K.L.:
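Provided herewith is a single structure, encoded as structure tokens, for subsequent inquiry.
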Amino acid sequence: MFGREANALEDHSDAEPLENEATPEQIATIHDRVLQMRASLFPAVVQRTKTTADRVSTRFDEAHTIKDLPIGSLVMVRGTAARKLEPSNVGPFKIVAKIGVGSYALEDHTGAPLPRKYATSQLQLLADTVDENEDYVEIDAILGHRNYRSGKRYHVRWTDGDEGWVTPEDFGSLDIIHEYWDKLNASQN
């Protein structure tokens, strides 16, 4: 280890301590090796470590960019699909506040705040401004569904009494779809 031969596995507890038997030539040789390591090995290790740290830092910075999203923007929350056939993004939601360096507080289309905060990496920006003129109507019930090549469509009744066909992306929350399928499965069993 460290350029020296390891001691044999023997019990040296009763051995008398040795006197320094190193000759001046051996001491000079060890001193020369130490100087050589200081001059060539240690700077090479420092340079190699710095190069590796710079490469890792560059890769990390390329993969993890911090975006500054404007307050009032519409965003989708990424990767929230609990089931295979659900859309992978949910929303749109409005950014209400920036918390800390990269977290945001969101609210849904009814103005209700979402219960948790989201990191920038979890959000996908839709628009820079919010369309205040767009009307949202709450869904009262799902009356049925149909399968099309382009995906499922749901026959819904809104709280104002109108009825129509919508896609899963038109829902502000997928909870009502889950409730519909749970009721449908329970009635078939």
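The model shown is predicted, which means the values in this text are computed figures rather than measured ones. Sequence positions, counted from 1, serve as the residue numbers for this chain.
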K.L.:
Distance-only, no hydrogens or angles: does the Ser57 side chain make a donor-acceptor pair with backbone N or O of Ala53 under 3.5 Å?
P.N.:
no

K.L.:
List the steps and the verdict of side-chain contact (heavy atoms from CB on, under 4.5 Å) for Ser40 and Gln36.
P.N.:
CA-CA 6 Å; Ser40 64; Gln36 182 184 12; 4.2 Å; yes

K.L.:
To the nearest 0.5 Å, what is the distance between CD (Gln188) and CG (Leu184)?
P.N.:
4.5 Å

K.L.:
Let me see the working for Lys152 and Thr167 under side-chain contact (heavy atoms from CB on, under 4.5 Å), right down to the final yes or no.
P.N.:
CA-CA 6 Å; Lys152 288 195 185 318; Thr167 63; over 6 Å; no

K.L.:
Does Gln26 use its side chain to pair, donor to acceptor, with the backbone of Thr23 at less than 3.5 Å?
P.N.:
yes

K.L.:
Would you say Ile142 ends up clustered with Trp165 if hydrophobic residues are merged whenever their side chains have heavy atoms under 4.5 Å apart, either directly or through other cluster members?
P.N.:
no

K.L.:
May I ask you to decide if Trp181's main-chain N or O and Asn185's side chain share a donor-acceptor pair within less than 3.5 Å?
P.N.:
yes

K.L.:
Applying the 4.5 Å side-chain criterion to the ILVMFWY set and letting contacts propagate, would Ile71 and Ile99 be lumped into a single cluster?
P.N.:
no

K.L.:
Look at the side chain of Ser103 and the backbone N and O of Gly100, then say whether any donor-acceptor pair between them is shorter than 3.5 Å.
P.N.:
no

K.L.:
Please determine whether ring-ring contact (aromatic ring centres under 6.0 Å, His included) holds for the pair His145 and Tyr180, giving the CA-CA distance in whole Å, both sets of side-chain angles, and the decisive distance to 0.1 Å.
P.N.:
CA-CA 10 Å; His145 70 280; Tyr180 169 74; 5.7 Å; yes

K.L.:
Between Pro168 and Tyr154, what is the shortest heavy-atom contact and its length?
P.N.:
CG-CE1, 3.8 Å

K.L.:
State whether Tyr148 and Arg146 meet the cation-pi test: NZ (Lys) or CZ (Arg) under 6.0 Å from the six-membered ring centroid, and within 45° of the perpendicular axis.
P.N.:
no

K.L.:
Main chain of Gly102, side chain of Thr120: is a donor-acceptor contact present, judged purely on distance under 3.5 Å?
P.N.:
yes

K.L.:
Evaluate whether atom CZ of Arg59 has more than 12 neighbouring non-hydrogen atoms of other residues, nucleotides or ligands under 6.0 angstrom away.
P.N.:
no

K.L.:
Between Tyr104 (side chain only) and Ala119 (backbone N and O only), is there a donor and an acceptor less than 3.5 Å apart?
P.N.:
no

K.L.:
Please answer: with hydrophobic residues joined when any side-chain heavy atoms are less than 4.5 Å apart, are Met76 and Val96 in the same cluster?
P.N.:
no

K.L.:
Between Ile139 and Thr159, is the side-chain contact (heavy atoms from CB on, under 4.5 Å) condition met? List the steps.
P.N.:
CA-CA 6 Å; Ile139 295 174; Thr159 53; over 6 Å; no

K.L.:
For Ala44, give me all partners under side-chain contact (heavy atoms from CB on, under 4.5 Å), at least two apart in sequence or on another chain.
P.N.:
none

K.L.:
So how far is it from His109 NE2 to Glu138 CD, rounded to the nearest 0.5 Å?
P.N.:
6.5 Å

K.L.:
Is Asp108 salt-bridged to Lys94, going by a charged N under 4.0 Å from an acidic O?
P.N.:
no

K.L.:
What do the steps show when you test Phe42 against Met37 for side-chain contact (heavy atoms from CB on, under 4.5 Å), and what is the final call?
P.N.:
CA-CA 6 Å; Phe42 294 155; Met37 289 175 67; 4.2 Å; yes

K.L.:
Please report the closest heavy-atom contact between Gln124 and Asn89, naming both atoms and the distance.
P.N.:
OE1-ND2, 2.9 Å

K.L.:
Closest heavy-atom contact between Ser73 and Leu125?
P.N.:
CB-CD1, 3.5 Å

K.L.:
So if you build clusters from Ile, Leu, Val, Met, Phe, Trp, Tyr with side-chain heavy-atom gaps below 4.5 Å, do Ile30 and Leu41 land together?
P.N.:
no

K.L.:
For Leu143 and Arg157, which heavy atoms make the closest approach, and how far apart are they?
P.N.:
CD2-NH1, 3.6 Å

K.L.:
Mind checking whether Leu106 and Leu123 have side chains closer than 4.5 Å, heavy atoms only?
P.N.:
yes

K.L.:
Mind listing the closest non-hydrogen atom pair of Ile95 and Pro70 along with its distance?
P.N.:
CD1-O, 3.8 Å

